[in-house]
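Structure first, commentary second.
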Amino acid sequence: MASKTAQEVIPDGILQIGLISNRYSGRNKKNLARIETYAAQQSHIIHHVVHTPADISTALDDLAHRSVDIITVNGGDGTVAATLTELFVRRPFPRLPLLALLPGGTTNMTAADIGFRGNQLSSLHRLGSWARNRKKEIQHIQRHVLRVQSGTEEPVCGMFFGAGTITRGIEYCHANVHSLGLRDELGPGLTLLRTVWGIARHDPRFAAPVPIAIGINQPPQDKPVNTVLLLVSSLERLFLGMHPYWGTESTPLHFSLVTERPARVLRALPALLRGRPSRHVTRENGYISHNVSELHLLLNGTYTLDGELYEARLETGPVVITSAGEAGFLRP
């Protein structure tokens, strides 16, 4: 989606920033004290340190009462998702503020696409300075937010949904990669290589399929598909610059699917990661991608939304993924 400079859409005057920091996010364990010190010195920054979703809810109520112009999330992908859930499900703001994402977590995939990269404190300095005087150019981009409703459970929101082997990959990453001290994109990158190798070798730890009945823009009509990997997102860039989508429809959510025992996995991988289908990346070989407005999934098993794991059961009804609406993000 095309971006604009934020100066084109933001009014004049000093903008009020509501900063939400997750105390226990990966980078905040080291950097939070310096961020607290800087925020305390800025009259236009209101800082809330949080840990639980209830803390985020309380913080957003206060920031809505103060009518802040920008909500800045200093945390990982899970903290961003929890904030988006509050903003789009409970809606404490009459009008959604702009959002800015600082890379305060371990992976920070969402911030890498639609937020700030690099050092948190430097990023906050840049945002705080821009909110005062607009001297440095910052882009404003619009993105759809995923709304995930599982049966009768309360909906949750985020930017990246996955099912199949990706949940095993997350568990593998937590158990074997994060313990090495790798942060940002290195950990998921190593996990990706291990997962692809497992799929290519038909290793059941990574290649065992999950039966999922899939309905695109309607409830499922056909029998379940034995699924190795299923992704839904509105992000244009995943970790390591991946863009594993090649649908052509003019709808907001990217959806890609890899079915059981896909053919030519290692040869197809470069095209899959770039979202540029080759002669190996075909429906017949087990690779499918569309842009959708709504996805209905019937499954027994685990799925992920921005790194958090959830359970779905056939008896509770489908998992329905739609757009919760658009949000405006600030990005350098």
Side-chain angles (χ1 to χ4, degrees), residues 107 109-110 112-113 146 159-173 176-177 182 184-216 220 222-292 295 297 299 301-307 321:
T107 304
M109 183 173 70
T110 304
D113 182 42
L146 273 60
M159 302 302 293
F160 176 84
F161 175 97
T165 196
I166 192 166
T167 62
R168 302 181 197 118
I170 289 172
E171 292 165 349
Y172 177 88
C173 191
N176 299 283
V177 178
L182 300 177
D184 293 324
E185 300 181 313
L186 291 177
L190 288 176
T191 302
L192 171 68
L193 293 176
R194 180 64 185 90
T195 301
V196 169
W197 182 245
I199 293 172
R201 291 175 57 83
H202 307 300
D203 182 338
R205 291 176 296 172
F206 297 96
V210 177
I212 304 178
I214 301 169
I216 296 178
D222 301 319
K223 64 181 182 180
V225 176
N226 286 333
T227 300
V228 173
L229 180 65
L230 185 151
L231 307 176
V232 186
S233 184
S234 60
L235 298 174
E236 296 298 332
R237 178 195 186 278
L238 305 185
F239 58 86
L240 300 179
M242 289 169 42
H243 179 85
Y245 316 107
W246 56 97
T248 58
E249 298 86 351
S250 298
T251 39
L253 306 182
H254 301 307
F255 158 60
S256 290
L257 176 72
V258 178
T259 61
E260 182 180 20
R261 300 183 73 86
R264 301 178 176 88
V265 173
L266 297 181
R267 292 183 181 182
L269 183 62
L272 284 173
L273 299 186
R274 295 194 305 268
R276 297 175 183 174
S278 65
R279 69 181 187 276
H280 304 298
V281 181
T282 64
R283 177 180 288 269
E284 292 72 24
N285 284 344
Y287 309 103
I288 299 166
S289 188
H290 295 285
N291 295 328
V292 303
L295 198 68
L297 307 174
L299 72 154
T302 307
Y303 64 88
T304 181
L305 183 67
D306 290 341
I321 307 167

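Side chains included, hydrogens not; waters and symmetry mates left out as well; all remaining heavy atoms used. On a predicted model such as this, the values are computed, not experimentally measured, just so you know.
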Practice problem: Could you please spell out the steps behind the side chain to side chain contact (heavy atoms under 4.5 Å, CB included) verdict for Leu231 and Ile166? | Solution: CA-CA 9 Å; Leu231 307 176; Ile166 192 166; 3.7 Å; yes
Quiz item: Between Met242 and Arg274, does a side chain to side chain contact (heavy atoms under 4.5 Å, CB included) hold up when you go through it step by step?
Solution: CA-CA 6 Å; Met242 289 169 42; Arg274 295 194 305 268; over 6 Å; no
List, one per line, each side-chain donor-acceptor pair under 3.5 Å for residues 200-215, sequence neighbours excluded.
residue, atom, partner, partner atom, Å
Asp203, OD1, Arg205, N, 2.9
Asp203, OD1, Arg205, NE, 3.3
Asp203, OD2, Arg194, NH2, 3.4
Asp203, OD2, Arg205, NE, 3.2
Asp203, OD2, Arg205, NH2, 2.8

Practice problem: Just jot down the side chain to side chain donor-acceptor pair (under 3.5 Å) partners of Thr304, sequence neighbours excluded, or say none. | Solution: none
Practice problem: Verify, without hydrogens or angle tests, whether Ser278 (side chain) and His280 (backbone) share a donor-acceptor contact under 3.5 angstrom. | Solution: yes
Practice problem: Not counting sequence neighbours, which residues clear side chain to side chain donor-acceptor pair (under 3.5 Å) with Asp113? List them please. | Solution: Arg143
Quiz item: Quick one: does Thr282's side chain have a donor or acceptor within less than 3.5 Å of a partner on Asn285's backbone?
Solution: yes
Self-check item: Contact list for residues 244-273, test salt bridge (charged side-chain N to carboxylate O under 4.0 Å, His left out), sequence neighbours left out
Solution: none
Quiz prompt | Point-to-point distance, once rounded to the nearest 0.5 Å, from CG of Leu297 to OH of Tyr303 | solution = 9.5 Å
Quiz item: Does Tyr287 have any ring pair (Phe, Tyr, Trp, His ring centres under 6.0 Å) partners at least two apart in sequence or in another chain, and if so, which?
Solution: none
Exercise. State which residues pass ring pair (Phe, Tyr, Trp, His ring centres under 6.0 Å) with His290; sequence neighbours excluded, sorted by chain then number.
Key: none
Practice problem: Could you please spell out the steps behind the side chain to side chain contact (heavy atoms under 4.5 Å, CB included) verdict for Arg237 and Met109? | Solution: CA-CA 8 Å; Arg237 178 195 186 278; Met109 183 173 70; over 6 Å; no
Exercise. May I ask you to check whether Phe255 and Tyr245 place their ring centres under 6.0 Å from each other?
Key: no
Quiz item: Excluding sequence neighbours, so at least two apart, what forms side chain to side chain donor-acceptor pair (under 3.5 Å) with Thr167?
Solution: none
Quiz item: CG/Leu235 to OG1/Thr110 distance, rounded to the nearest 0.5 angstrom?
Solution: 5.0 Å
Quiz item: How would you list, by chain and number, every residue that makes a side chain to side chain donor-acceptor pair (under 3.5 Å) with Thr259, sequence neighbours excluded?
Solution: none
